[in-house]
2 protein chains.
Amino acid sequence: MTSARLRQYLRGPFPDDLVAAVIVVILLVPQSMAYALLAGLPPSAGVLASLAPVVVYAMLGSSSSLAVGPVAVLAMMTAQAIAPVAGSHGVSAELAAVVLATEVAALLTVAVLLRLEVLAALLSAPVLHGFIAGAAIVIALGQVPALLGLPIRGNTLVELAQAAWSATSLTPHAITAAVGLLALGTLWLLRRHAARLLRALGLGARTAALLGRAAPILVIVAAIAWVVFSPGLAGGVPLAGSVSLAAAWPPPLPWSAPATVWIALLPAAALIALVGYVESLAVAESLGLRRGEKVSPRRELAGLAGANLAAGVSGGFPVTGGFARSIVNFDAGARTRMAGVLTAFGLLLAIAVAGHWLERLPKAVLAATIIIAVLSLVEAHPFRQAWRWSRAEWALMVMVAGLTIVLGVEPALAVGVLASVALLLKRKARPHWAEVGRVPGSDSFRNVRRFGEVETLPGVLTLRIDESLVFVNSRWLAETVVAQVRAREGVHDVVLMMSGVNDIDLSGLEALEQLSDSLHTLGARLHLSEVKGPLRDRFEAFGLGWLNGRTFTTQLEAHLALTSRPADTEKAGS
Amino acid sequence: MTSARLRQYLRGPFPDDLVAAVIVVILLVPQSMAYALLAGLPPSAGVLASLAPVVVYAMLGSSSSLAVGPVAVLAMMTAQAIAPVAGSHGVSAELAAVVLATEVAALLTVAVLLRLEVLAALLSAPVLHGFIAGAAIVIALGQVPALLGLPIRGNTLVELAQAAWSATSLTPHAITAAVGLLALGTLWLLRRHAARLLRALGLGARTAALLGRAAPILVIVAAIAWVVFSPGLAGGVPLAGSVSLAAAWPPPLPWSAPATVWIALLPAAALIALVGYVESLAVAESLGLRRGEKVSPRRELAGLAGANLAAGVSGGFPVTGGFARSIVNFDAGARTRMAGVLTAFGLLLAIAVAGHWLERLPKAVLAATIIIAVLSLVEAHPFRQAWRWSRAEWALMVMVAGLTIVLGVEPALAVGVLASVALLLKRKARPHWAEVGRVPGSDSFRNVRRFGEVETLPGVLTLRIDESLVFVNSRWLAETVVAQVRAREGVHDVVLMMSGVNDIDLSGLEALEQLSDSLHTLGARLHLSEVKGPLRDRFEAFGLGWLNGRTFTTQLEAHLALTSRPADTEKAGS
């Protein structure tokens, strides 16, 4: 930034960005620590993942309000990925985490170069909603042992059950459980009532909402004060541990890991890149729309790639644009990506000043903040909507949620994507079709069964095909039309009305050729009407010699042409 | 069959069926032996695979002219499947083959029960053509060593190259090569000219064509005679070996194989079931159409399942309805499935009478018959047609053919199916759309760019979407429409003309909701027109409260309604 632009910035958006940064820092400090613990890493890793990535995103990204950093779902995916690899390959969790972040960066870079952002389209709405709900539930379940002081760890229901089965004792640590449950209850009350309370105290609605979001800091401060002032009582309570960046520095560098670790983490990295990109883009687009700002999908990919590389070389773990922190940033009035840079400085300052106190925060309180944060991700609305729109997609949503909870992210997303594609192919395989007739006196042709009063021609069968003709339905086409012709007496002309046919692949073309041959054998001609522009161009280039009838631009033309030729004129197949 | 029906049959179709059976037997004897060798089994296995399966198909199947038995492509797939498993699990090739046939039967039965015949739709035209061409080429290549008397075996180009690399000598066995090449040349000449020659001798066209197909028997007879009468010269020439059914009986029973063999063969069995079913159904349907006979896909599945079970318990290997033998059966005038049963009796008789001579047939001659038979499967037409219709599908076809030749059937079909689905999704992900306007004075609305003289309304943007709205294009929809609205000044109404939208899944529904919200923010309303019947029903059941504009049955209604409201009336987003 030149000094002129800097002066301009300081006089313009800077004050707004600064206020936003302070609020985000208050939210970010405990969240960074909590998500690091969720990922199976020391709290300092969460702080590191909130520093360099934010600055790099500010340089490369395109959204003015997206806040990049650790998020709950990615933290859980990180935990599921690194726990088995670190164990079986004898490397530290910190090293596995930086390898994972670097791989995510590499895959996102490949996606930028090969224009693979389109792969994000594979995560259908049922898969995404089911996955988010399932992830939130399993994250919350996974925090229950920490909340109650139980020595159980696990990232899926199966792992938690196994840990519980083999645990020597399932008695909660009484004081830890008391602190955890108290924090959970207070945080829940603050989330529900803090903003209203502040408004009742005379604050404006926007200020009240903002300060309400920062209210959890009260619980954090109270918990730390309790640990500091009651060392006796708090003796056996597990504490967060070091957030000292000096102790965590220098972090392990990703290239110090053996190749086997890189290979073992690659599938998880691909899923993290996909989920992170989809989540981040959805947040950036919804905030961009509110502000009339155009978000570039490719620059978002580049921004995330840079942020994850920064996380990889600075001791962090995979990051993305999170909804919770972005919305706070946005509501707090952040106007440029500099707000993110200010947030990073603020975080550094907060750790330097308050770091040795933050270490004494009970893990149970962090577990409570995670539970409160993720349960807002479980929404009934998408499930209700799916139930009303499509039972099959609702079942898919529930299945993905269940698999995420029971078995983990990888099987859930793999099965979800495959099932989405299978559902799509299944619907395409049995298309809707209708026999149509002319609405008397008009240009319109409508379904004979829906509109009784339509006019059909004797010996002419007009079928509207409501689907592209592609390999999954090409055999269906020939079978259906031939069966319809056989079911009627004396059909000598078949018109396929192609207004709903958007695409024809080679299998569809061969099916049409075969259908023309079959109808010829049955003594009928095959005509096409209302072929769409792009397909008409392709048919013209390919030639229509295989068709034993004609093509008509509109169905009306076909209707008139076949009306004027009485039924007893020459038959094609004779 | 009751005695009355039997009498009726004997006086009616029996003579026709008998003639067909004799001709098919002449063709079948060497072919059964050759395909057994191709599958890596003794010739007797090919004979066994042509007996019981034929009888069982006659009882269960639905086609009157389909001839079931060993076919070239399935024989090669069998060889690729059983060779590695027999080696690594220490079982005989014969045992592995009957296990494979039984598994094919089991999978086809499951397919009947679960109505999985629809899975056949996954083999798109490019994959099928590429696979058939590649299989024919690699089968022919694999016969070259036997034709020339080289001690090399392999079912893929990689295996053949490895065998050639590690072979001690690559010098052909001179006499074997001479016999093989002579047989190849004669068979080729007979195939091209026999029918014409017979017609020139005064035979009718149909009889000439039929006897022409049986002409290869001359080469077989001549080769056996040569071996019998020149024992000195024929000493080192590899011969076919035992076709004695007495020696091959009792065959190994599939359930005597360990479970590991069953598991190892399962993926290959699934592919064989799929390919066998698709091939058989295509043959049955094309012959059925010529005779006006309706083929039932489910009864075909059941017939094939029964035939393969019969092959499994009687020492055969996987079978299906083959094109070559079925067309001979059909042309020879077979009128009922009893022709198949007669064929089986004829084959049994032929082996009993001529078995000890058939054993002395040189393998090189069988290799020549295989090469001649499969090279007719390599057709340029599908490749030319694909090149003209779609370069992407042509590339897929070539890739599948290449993979089949180089690596084998399993990778080729797996990659082919995945690539077909990917191509389909890719085309769906970026649909065609057009801004449309009214053709003056008519009910038609056409692409503004294709038809210059159309009428649009100020402030109203009408877009025709030519694709179903599903998860692969749901983000595209919102992005495209919002970009179009932003690119124009003062758009206050957007109409989506849905005549090309055949299907909307949950992702598409959410995209429409989001689009309505986005347009609301931009001060515009979203309307839908020409929604198809089935979707209209679903929208009515679901409710349209989320849409900030209206729905219109026809685009004309929308046009008239938005004409009568001038641009300066209330804006939705203000």
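Below, read A as the first sequence line, B as the second, and so on, with proteins coming before strands; counting in each chain starts at 1. If you're wondering where the values come from, they're calculated on a predicted model, not measured in any experiment.
Interface remark: Arg427(A) contributes side-chain atoms only to the contact with chain B (heavy atom separation under 4.5 Å). Proximity to chain B (any heavy atom under 4.5 Å) is restricted, for Arg475(A), to the side chain, taken from C-beta onward. For Leu509(B), the part sitting under 4.5 Å from any heavy atom of chain A is the side chain, from C-beta outward, and nothing else. Contacts of Leu424(A) with chain B are made by side-chain atoms alone, with heavy-atom separations under 4.5 Å and no backbone atom involved. Neither the backbone nor the side chain of Asn447(A) comes within contact range of chain B; no heavy atom of the residue lies under 4.5 Å from a heavy atom of that chain. Heavy-atom distances place both the backbone and the side chain of Val421(A) under 4.5 Å from chain B. Heavy-atom distances place the side chain of Arg536(B), and not its backbone, under 4.5 Å from chain A. Contact annotation for Pro297(A): only side-chain heavy atoms (C-beta onward) come within less than 4.5 Å of a heavy atom of chain B. Neither the backbone nor the side chain of Leu423(A) comes within contact range of chain B; no heavy atom of the residue lies under 4.5 Å from a heavy atom of that chain. Both the backbone and the side chain of Ile504(A) come within contact range of chain B, with heavy atoms under 4.5 Å apart. Within the 4.5 angstrom heavy-atom criterion, only side-chain atoms of Lys428(A), from C-beta onward, approach chain B.
Within 6.0 Å of the CZ atom in Arg486(B), the count of heavy atoms belonging to other residues, nucleotides or ligands exceeds 12. More than 12 heavy atoms of other residues, nucleotides or ligands sit less than 6.0 Å from atom CZ of Arg298(B).
Contact annotation: the side chain of His129(B) approaches that of Glu510(A) to within less than 4.5 Å [non-hydrogen atoms, C-beta and beyond]. Between Leu506(B) and Leu396(A), the closest side-chain pair of non-hydrogen atoms is not below 4.5 Å.
Here the CD-OG distance, from Glu467(B) to Ser468(A), works out to 5.0 Å after rounding to the nearest 0.5 Å. Between Ser124(A) atom OG and Asp505(B) atom CG the span is 7.0 Å, to the nearest 0.5 Å.
Under 3.5 Å, the side chains of Glu513(A) and Gln385(B) contain a donor-acceptor pair of N or O atoms.
Checked against a 6.0 Å centroid threshold, the rings of Trp389(A) and Phe539(B) count as neighbours.
Per-residue counts of heavy-atom pairs under 4.5 Å with chain A were compared for Ala478(B), Ser420(B), Ala434(B); the largest is that of Ser420(B). Ranked by heavy-atom pairs under 4.5 Å with chain B, the list Val501(A), Val482(A), Val472(A) is led by Val472(A). Between chain A and the residues Ala386(B), Ser444(B), Gly533(B), Ser390(B), the most heavy-atom pairs under 4.5 angstrom are made by Gly533(B). Most heavy-atom pairs under 4.5 Å with chain A, from the set Leu556(B), Asp503(B), Val470(B): that is Asp503(B). Chain A forms the most heavy-atom pairs under 4.5 Å with one residue out of Ala121(B), Ala120(B), Ala429(B), Ser499(B), and that residue is Ala121(B).
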From CA spacing to verdict: side chain to side chain contact (heavy atoms under 4.5 Å, CB included), Asp466(A), Lys532(B): CA-CA 9 Å; Asp466(A) 290 349; Lys532(B) 293 197 169 183; 3.0 Å; yes
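What you find for Ser507(B) and Pro126(A) is that their closest heavy atoms are OG-CD, 3.9 Å.
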